[in-house]
Amino acid sequence: MRKVEFIDIPNLEKARLRKHNADTIFFSFNPSKEALIYFKNKKYFIRTYGCQSNIRDEETMSGILDKLGMIKTYNENEADVAILNTCAVRENAEDKVFGQIGDFKKIKEQNKKLILLICGCMIEQKHIIDKILSTFPYVDIMFGTHNIKDLVLLLSNYIDNNIRYVDVSSYEGDIIEDLPVKRLETYKAFVNITYGCNNFCSYCIVPYTRGKERSRSEEEILKECEELVKKGYKEITLLGQNVDAYGKDLKNGSTFARLLDKVASLNVPRVRFLTSYPSDFKDEVIDVIAKHSNIMKFIHLPVQSGSNSILKTMNRRYTREEYLELVNKIKNKIPSMEFSTDIIVGFPNESYEEFLDTVSLAREVHYTSAFTFIYSPRVGTPAAKMKDNVTYEEKVKRFKELVKELEIDFNFYAQRMVGNTYEVLVEEVSKKNKNLLSGYTENNKVVHFKGDKSLIGNIVKVKILENHLYSLIGEIVNE
């Protein structure tokens, strides 16, 4: 058994703290000569699970490793460094990661010089680290969401000492600027505007894994967005666990509405934002969205439950009535607005009547898409300690009932698009049919259509021909 060096380990008590102001630190890249020589032209592989924040983390790690002289590969079998960038939001996401780590056993046996790293939100939980250390002895390095800036140092220490490293800092977090970045796309980009979360919903591990809510400066955000516009990016998505909280901690007059207005004025064809928190969504933001045609008329507005009693137990800071009032206010100002949401089914002790409150809310809002989940307890959260009188079989039954209800609206709004023409940002060759391209409409519907690969990264007009519920078939309209 190899020695393990614990540089830092996760601590939920530290992760709960919200006492200090975040510092802004400008990243400096200072690898040793030995590291530059050792890693030059070697290949790295990254597999990312979970949300857009994890995707941004992958882009940062790719930027750091590129700067080290490494080359990215999409084949784990030819990698010299492999990173699994994990998600802790649901249990099935963790199960996938454990399965993937297991698959690397054979790869490590064939390539003993491969360095295997596990990072991301999963690693912010001590019981996960303990399990990996005891079950997967061939995992070399584990590091947390706050430790990405130390990636080169961890790799350098590993090649010098050949011992296992755990470096997972649990603290409120800082703002790290000037991190290298290698974008996964050349036509659309995620731009972080906030990090962390202060909401502490009773079921959610994210405030512990990502730290306190902290905002980047307007100046740094706009500089990044301006560079993307100059490079010809067609879509920018402003990113945060709660974008509506942007600027609260800066105390200098910065607000999400003001920032959104400035970004939309940069002449980028499409602007989106993720994720909104209902009680923080201000009227000024609605006005800015209505003002700019390039802000997509599609909002992801998580509700989680339509029952006031469940919302209270979840520690969501709004009521059913307040959520519906916000939705109606947005629709009245912007009639074309469409909504998606997150819904949890089978929260501990949810009654069937409380579940039906969620169904009725969905009927009232008319979502055009949704992410629906069966409740999954996360170790360390208040909800995980609750006794639960709802059986898993009942949760599955309710889940299917909700999805069936949601799909009525999904189908209605998708069918209404048939025969109409929409602007589509072409993203890739379709994963299901190599003879088709895929892209997204302004209202975030995926469309498959015939076209040349040279169109990828461009916005084209597509007439919708068929509705397949979760996707559409169309044809390019030549003007």
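Predicted model only: the values in this text are computed from it and were never measured.
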Sub-4.5 Å side-chain heavy-atom contact between Q241 and E213: no
Ion pair D283/K329, N-O distance below 4.0 Å: yes
Test: K297 and E442 ion pair at under 4.0 Å: no
side-chain contact (heavy atoms from CB on, under 4.5 Å) assessment of S360 paired with R320: CA-CA 11 Å; S360 67; R320 169 196 179 95; 2.9 Å; yes
Salt-bridge present (E423, K461; N to O < 4.0 Å): yes
Neighbour count >12 (heavy atoms, 6.0 Å) for atom NZ, K182: yes
Side-chain heavy atoms of V263 within contact of L259, under 4.5 Å: yes
pair T60-R56: side-chain heavy atoms closer than 4.5 Å: yes
Salt bridge (charged side-chain N to carboxylate O under 4.0 Å, His left out) partners for K385, two or more places apart: none
Rounded distance (nearest 0.5 Å) linking atom SG of C225 with atom OH of Y233: 12.0 Å
Side-chain donor or acceptor of T368 paired with backbone N/O of E338 under 3.5 Å: no
Mutual orientation of the aromatic rings belonging to F200 and Y208 [parallel < 30°, tilted 30-60°, perpendicular > 60°]: perpendicular
Short N-O contact, D287 and K333, less than 4.0 angstrom: yes
Enumerate donor-acceptor pairs with a distance under 3.5 Å from any side-chain N or O in residues 144-155 to protein atoms, sequence neighbours excluded.
from : atom 1 : to   : atom 2 : distance (Å)
T145 : OG1    : E124 : OE2    : 3.1
T145 : OG1    : T209 : O      : 2.6
H146 : NE2    : Y171 : O      : 3.3
N147 : OD1    : G144 : N      : 3.3
N147 : OD1    : S169 : N      : 3.0
N147 : ND2    : D167 : OD1    : 3.4
N147 : ND2    : S169 : OG     : 3.0
K149 : NZ     : H146 : O      : 3.2

Residue pairs fulfilling ring pair (Phe, Tyr, Trp, His ring centres under 6.0 Å) with at least one residue in residues 290-311, sequence neighbours excluded: H300-F371
Flag if over 12 foreign heavy atoms under 6.0 Å of CG, N267: no
Side chains of R16 and E13 in contact at under 4.5 Å (non-hydrogen atoms): yes
Test: R214 and D23 ion pair at under 4.0 Å: no
Side-chain ion pair, E219 and K262, N-O less than 4.0 Å: no
Separation between OH of Y318 and OH of Y323, rounded to the nearest 0.5 Å: 7.0 Å
E427 bridged to K188 by N-O distance under 4.0 Å: yes
Partner set under salt bridge (charged side-chain N to carboxylate O under 4.0 Å, His left out) for E220, not counting sequence neighbours: K223
Test item: N458 and K234 side chains (from C-beta on) under 4.5 Å apart, heavy atoms: yes
Considering all heavy atoms, the nearest I334-I286 contact: CD1-O, 3.8 Å
Donor-acceptor under 3.5 Å (K212 side chain, A22 main chain): no
pair Y44-S62: side-chain heavy atoms closer than 4.5 Å: yes
Salt-bridge contact D409-R363 (side-chain N to carboxylate O under 4.0 Å): no
NZ/K331: more than 12 non-hydrogen atoms of other groups inside 6.0 Å: yes
Check ion pair R210-D57 (N to O, under 4.0 angstrom): yes
Under the side chain to side chain donor-acceptor pair (under 3.5 Å) test, residues paired with S215 that sit two or more places apart: D249
Sequence-distant partners of K400, salt bridge (charged side-chain N to carboxylate O under 4.0 Å, His left out), two or more places apart: none
Ring centroid separation F347 to Y375 under 6.0 Å: yes
Close side-chain approach of L274 to Q52, heavy-atom, < 4.5 Å: yes
Centroid-centroid under 6.0 Å between F399 and F373 rings: no
Point-to-point distance, once rounded to the nearest 0.5 Å, from CG of L425 to CD of E235: 5.5 Å
Check: R316 and P302 side chains under 4.5 Å, non-hydrogen atoms: yes
Centroid separation F410 to Y367 less than 6.0 Å: no
Ion pair check, E58 and K72, cut-off under 4.0 Å: yes
Under-4.0 Å salt bridge between E224 and R216: yes
Lys/Arg-Asp/Glu bridge criterion (N-O < 4.0 Å) met for K14, E172: no
